[in-house]
Structures are given as structure tokens and as C-alpha cells.
Amino acid sequence: MGNDHVTRFAPSPTGPLHLGHAFSALTVWERARIAGGTALLRIEDIDRQRATRDWEALIFEDLWWLGLSWPEPVLRQSDRLAAYGAALRALAGRGVLYPCACSRGDIRAALSAPQEGAPLSGPDGPVYPGTCRGRSMAEAGPGDAIRLDMGRAVRLAGEVSFIENGPLRQGLHVACDDFLIDEVGDVVLARRGMGTSYHLSVVVDDAFQKVSEVVRGVDLLEATPIHRILQ
Ligand code: GLU
């Protein structure tokens, strides 16, 4: 039995694993071994258009081939929609969500209008120009995405920080309010027709599974402040 150290490998079954995944998985199991903790496998299959059981079966095969094993049952995000719905309701109750009807085209058009000094793109893609901010959750319809009002979330959350312990850099990251508001912006927490998003599901499940250390690619480093503010 391990101690309180829990980490996870959380691939999306939308294609074959690549070398980066293999490196990531081996790192997860190595971190757990060093800490005497537990390495979990989690299947991040919220994208019902792209995730398939065939790709999932290949993930299991590749990980077995790498000599890795994990506690069963494996958590699948597609089984967790009720938990994501509950988290959205809790966030809505704190007044930090709003429904958004903008299409990608609307957002591009709003962003291409001249706005001096406004960043066009941040770590989570184009920074949402805020067109629907101010709409209330009471008027949310099935065609709406749900966004986090980052300004309000920042005021509620206080300091957002995390410790990076990677091969490139080690140390404390503190995400300043201006960065979160101006360069990350009002991220989508529930996509249309999906009821959740990468950011929301990861945060809810890391808490549920008591994950104490996240191992992920540097490409997702910038997602970590978003997850910390949601936590
Ligand atoms: N599911 C994500 C991926 O396949 C990784 C999850 C995470 O580390 O947050 O890239």
C-alpha cells in the first residue's frame, strides 16, 4: 500500500500514444516509485466525437508493453459527467460562470476589431473578448458554452501558485491577476454538447482521486494556473 503520494497518467484515447506519452508515463511511474506512492491511469474521454474504445485498448496494450500496471478500476471521464455537473453548479452558485453563445467566428471577428493593447492570444488560445460576460446562468440554454469569469474568479481565489519540479525548471510559480485576466481570460469550462471541458474534468478528477502531484508535458504547463484557480 502506498503513502499519500498519488500521481496519474491521463491520456485521451483519440489516437495512438507517441513517444512523448511513453516518456510521460514512465516518468509518472518513476515518480510514484521514488515517493513510495501510487500511479493511477485515467482515461480522459470527454470528447465523444474523437475518443474511442479501440484507441483506449491500444493505450492499455502500449502501457503493458512498457511494463506498467495500475490499480483497477480505471477511471473514465465519460462516467463522471454527474460530478462535472455538480462542480459547475457549485461554481455557478459562487457567481463566477456565465453562458456564452459566441461561435469561433464571432470571437475571431471581435478580436480582429482594433483594440489597442488587447492581447489576441494567450496560453489557452484566443483570449475571449467578453461579449457574453454579464449574461446570467439563469438564461443558459443547451446551445451555450459555459465560461469562467476570470476577473471574478481571481478576486475570490486569492494568490494562485504552484511548484514546478521539472527537468527544465524548478521553483514556485505565482500567476499574477493581470496575467490570468488579460492573457488567459474567460476560459470555457463546459463546451457545447459536452457538459464539461478539459480544465474542469481534470480539476474535479484530480481532487476526487486525491492526486498530489501532476506529471504533464510542458505544453500543458500554462494550463496549471487555470487548474489552480479552479481548485
Ligand atoms: N489528457 C491530457 C492529454 O492527453 C493530459 C491530462 C493532464 O495532464 O492534464 O494530453
Side-chain angles (χ1 to χ4, degrees), residues 5-32 35 37-66 68 70-71 73-81 83-84 87-88 91 122-125 148 153 160-170 173 175 180 184 187-191 194-231:
H5 182 279
V6 180
T7 185
R8 85 294 193 279
F9 179 58
S12 302
T14 54
L17 295 188
H18 50 63
L19 266 185
H21 285 110
F23 179 70
S24 190
L26 290 170
T27 306
V28 165
W29 266 263
E30 180 63 5
R31 295 290 302 173
T38 308
L40 302 175
L41 173 63
R42 182 168 76 216
I43 298 294
E44 303 216 319
D45 58 350
I46 53 170
D47 185 346
R48 305 311 291 153
Q49 312 284 341
R50 294 170 61 225
T52 71
R53 285 295 170 104
D54 289 346
W55 288 126
E56 185 185 300
L58 283 176
I59 289 174
F60 293 142
E61 260 179 46
D62 286 348
L63 296 177
W64 283 321
W65 183 85
L66 283 171
L68 305 175
W70 47 87
V74 167
L75 187 135
R76 268 195 200 95
Q77 291 193 322
S78 55
D79 292 331
R80 299 266 304 146
L81 297 183
Y84 308 142
L88 276 180
L91 289 170
D124 204 47
L148 181 70
V160 175
S161 65
F162 63 96
I163 295 168
E164 179 180 356
N165 189 14
L168 300 180
R169 277 181 308 189
Q170 307 202 334
H173 288 251
L180 287 163
V184 179
V187 293
V188 169
L189 292 190
R191 300 198 172 278
M194 204 185 266
T196 186
S197 63
Y198 159 66
H199 297 308
L200 184 73
S201 310
V202 161
V203 167
V204 169
D205 289 339
D206 282 344
F208 177 67
Q209 298 190 290
K210 300 190 167 50
V211 169
S212 59
E213 183 181 73
V214 168
V215 175
R216 59 166 56 114
V218 172
D219 58 327
L220 288 175
L221 181 70
E222 299 282 9
T224 305
I226 301 171
H227 300 176
R228 291 289 293 129
I229 201 162
L230 291 174
Q231 287 165 357

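Remember, it's 1-based here, ligands and their atoms both numbered in the order they're listed. Note that the structure is predicted; figures quoted are calculated from it, not measured.
- Atom CD of Q170 has more than 12 heavy atoms from other residues, nucleotides or ligands within 6.0 Å.
- Checked against a 3.5 angstrom limit, the closest N/O atoms of H227 and ligand 1 fall outside it.
- Although no hydrogens or angles enter the test, the distance criterion places no donor-acceptor pair under 3.5 Å between the side chain of D45 and the main chain of A51.
- Closest protein heavy atom to atom 5 (C) of ligand 1: A10 O, 3.4 Å.
- When all heavy atoms of R31 and H5 are compared, the pair lying nearest together is O-CE1, 3.9 Å.
- The shortest N/O to N/O separation between H21 and ligand 1 does not fall below 3.5 Å.
- Of the N or O atoms in V202, none lie within a sub-3.5 Å distance of an N or O in ligand 1.
- The nearest protein atom to atom 10 (O) of ligand 1, hydrogens excluded, is given as L220 CD1, 3.9 Å; this is a heavy-atom distance.
- Using modelled atom types and a 3.5 Å distance limit, the side chains of Q209 and R8 yield no donor-acceptor pair.
- Protein heavy atom closest to atom 6 (C) of ligand 1, with residue, atom name and distance, is E44 OE1, 3.2 Å.
- Annotation for ligand 1: atoms under 4.0 Å from non-hydrogen atoms of R216 are 7 (C), 8 (O), 9 (O).
- The aromatic rings of W64 and W70 sit parallel, their planes meeting at an angle under 30°, below the 60° perpendicular limit.
- Only side-chain heavy atoms of R8 come within less than 4.0 Å of ligand 1; its backbone N, CA, C and O stay farther off.
- With 3.5 Å as the limit, one finds a donor-acceptor pair spanning the side chains of D205 and Y84.
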